[in-house]
Amino acid sequence: MLAFTLRRLVVAISVAFTVSVIAFLLLHLSGDLATTIAGPEASAEQVEQIRQQFGLDRPLSTQYLDWLWGALHLDFGTSFYFRNSVASLLAERMPVTLTLGAISLVISLVIAVPLGVLAAVYRGTIIDRLALTFCVLGQALPTFCLGLGLIIVFAVNLRWLPVSGNASWQNYVLPSIALGWYAVPAVMRLSRNGMLEVLSQDYIRTARAKGLPPAKVILKHALRNAIIPVVALAAVQFGFMLGGSIVVEAVFSMHGIGHLAWEAIARNDFPVVQAVVLVLAAIYITLTFLADVLNALLDPRMRVA
Amino acid sequence: MASIPSRLSCLLASALILGTLPGAALADKAKDTLVYASDSEPENISPYHNNLREGIIVARHVFDNLIFRNPDTGKYEPQLATEWTWVDPQTLDLTIRKGVTFHNGDPLTADDVVFTLNMVVSPDSKVVTKQNVNWIKSAEKIGDDKVRIHLVGPFPAAIEYLAGPVVIYPESYFKKVGLDGFAKAPIGSGPYKVTSVTPGKGVKMEKNTAYWKDSPLGQPKIGKLEFRVIPDPETQVAELMTGGLDWIWRVQADQAKQLGAVPNITVLAAETMRVGFLQLDSQGRAPGSEPLKDPRVRQAIAYAIDRKAMVDNLVRGGARVMNSACFIDQFGCTDKGVPRYDYDPAKAKALLAEAGYASGFSVDLYAYREREYAEAVVGYLGAVGIKAKLNYMKYAALRELARAGKVPIYFQTWGSFSVADASAFTGAWFKGDSDDMAHDAQVSALLKKADTTVETDIRLATYQEALTLIAQKAYLVPLFSYSANYAFTSDLKFTAQPDELPRFYKASWK
């Protein structure tokens, strides 16, 4: 188990490193950063001054290594745009995104798991087909589209909830549904498959033969076993949701890390974009790593993978 | 991802299908709070430390200028300076008004003016848009209420800058809190005072009830202003429709029409100072720009484009066709006596034939915004035989290419920093700097003279001469001014100005 964990750890660190290199290079390919920071109406002289001020005249490798060294000490440099410490910007906005992600995850689990269980129990029936159709629709509908739809119905027409911002708990309802929706199809399919597998096991047949009520068989005996892979998947989905929050936060104008990323990308605010990418990737990689380890603990066959 | 126009149309259409549209923003009128939104936030609320329009808007409400330019008459009027006189072309004396106080109650004095001007030109001031202040050499107090400004060189547009981006800070407060503290809680002497600055969210302001009586800005009428940052245009529209916002701007032309049909929302289209134009590589530096060295080819390009049709069908709103290399309402900008190139494809073809390009030629056209405008230009050029290939890219990358002399035709736009003086336009493109693609010594010399002459008549005549020369040689093909669409609750009385500076201190509830 220790060897497996160490192997996974090495893979996780390599992925994080690769992500940081790619993010760094891609940003530099998007045009001259000094010109972007200086703005459309700056003179060549000002651009040059900014290039020196931000150290953009140094070789790429030096810039990258300097940044990496700082990042390892949680110093992500200074935002080109806000002229403020990137770490403090992240600290300020992270709670909004984490809250949004957590609520979204709960919403997606509350919808997807029962739906998956129902689909499995009523396999091949109209319920199963409806659940699968719902799943396909969920995958086909982009987050921004669902977000706008929710705004139109619940904010513009019904006036039940606010359109944008993050002033109160009501502001979290629509964006959480939009973001949570994102994870529903995957979780639902996994719950359905898990349940189908478990339901065909001998011990379920035994439980049924004992004359236990069907609800007890499904919820107590089957679900407890079928839910294990879902827990691991949920961890990964949470990581995905933090990334997906970029679109949702822009649509609902929530001032979390996604909104910050949106602003930073629009302005080539390089240190911010890179820090957001790295932090989100680190969270995602950590969650995946934990999910792998969890899976390996639960199922020793996985350890050889 | 769907394009913004189609997404907005979808939102509006769905709202109409789903039910009745909501009424006016009653809540905010009742609370006497005008909530306005924009998609960007200034990086620093200190006006000298951001170059974003949103920052300029806040600045105009929170700070006072020395001089006021009346947007209706274009005349300069006293503001913090009761009078000003040119001692010589490089020295300006001002008398500072007494009885004005900052929001914290400190009196505004000549010392504050001297401090501000010297602070912004000091090397460690970190001023973002240097052009706004780099004409100032220093300032000194020459009497109780008298300030003398020494200029770097003769610069008559100084008055315009004093009426625009140059605002006055409170010396003791600024020294006490420093730039960081000032950015969090700025203090000025303007009609509104800042009550909170929340990065990422916006700025809240409140009416300055002690605002000095004779200000040419008048007394603010609306109790509170709130600026919110909302990046998504559809969300802005939804907020406007539900009363969460009272005012939005930069609404696309075709969507503005749809929004105009919504009850209780007023849509206003107004001209801006931004001018769209084609810059031509008349020196033939860029690959494939050889034909552009011939003035007849450049003139042919000017004749080939139906600018009026573009204004009527694409830009719309209050946009106008421009004939000179500047915004027509700027001081010194004129199209009188300047050659015009009205749409005449036959003449364009004849000129091309005369220049030896009877069967046309191929050329690269670069653009970074309003792809549809650039595409229209490509179409017009194609009709006279010039096969232009559109290269659409991000601004930073394009600017780099252009400065390296690799762009034959550049669809460019310029807003002159809202400075109503021709020097802010022509100077940027024809005074031999890195963005000058003509490098015409005669034009540069004329502009240098016009920019530094204090006598109004000589300035006007010199600009006219330079603009005529630019048009004759067709170094730059002016297309049109831009239009901006505003949408706001019909409860609000609001008027727009070409400088794209919404003046909420003049707005009121109906």
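Quantities reported herein were computed from a predicted structural model and do not represent experimental measurements.
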Check: B/Ser418 main-chain N/O paired with B/Ser416 side-chain donor or acceptor under 3.5 Å = no

For B/Glu41, is it the side chain, the backbone, both or neither that has a heavy atom under 4.5 Å from a heavy atom of chain A?
-> both

For the pair B/Asp433 (side chain) and B/Asp435 (backbone), establish whether a donor and an acceptor sit closer than 3.5 Å, ignoring hydrogens and angles.
-> no

Taking A/Ala250, A/Gly165, A/Ser164 one by one, which has the highest count of heavy-atom pairs under 4.5 Å against chain B?
-> A/Ser164

B/Asp436/B/Lys431 ion pair, N-O < 4.0 Å = no

So, are B/Glu400 and B/Lys406 salt-bridged, with charged N and O less than 4.0 Å apart?
-> no

Under 4.5 Å heavy-atom distance to chain A, tell me which part of B/Thr198 shows up: side chain, backbone, both or neither.
-> neither

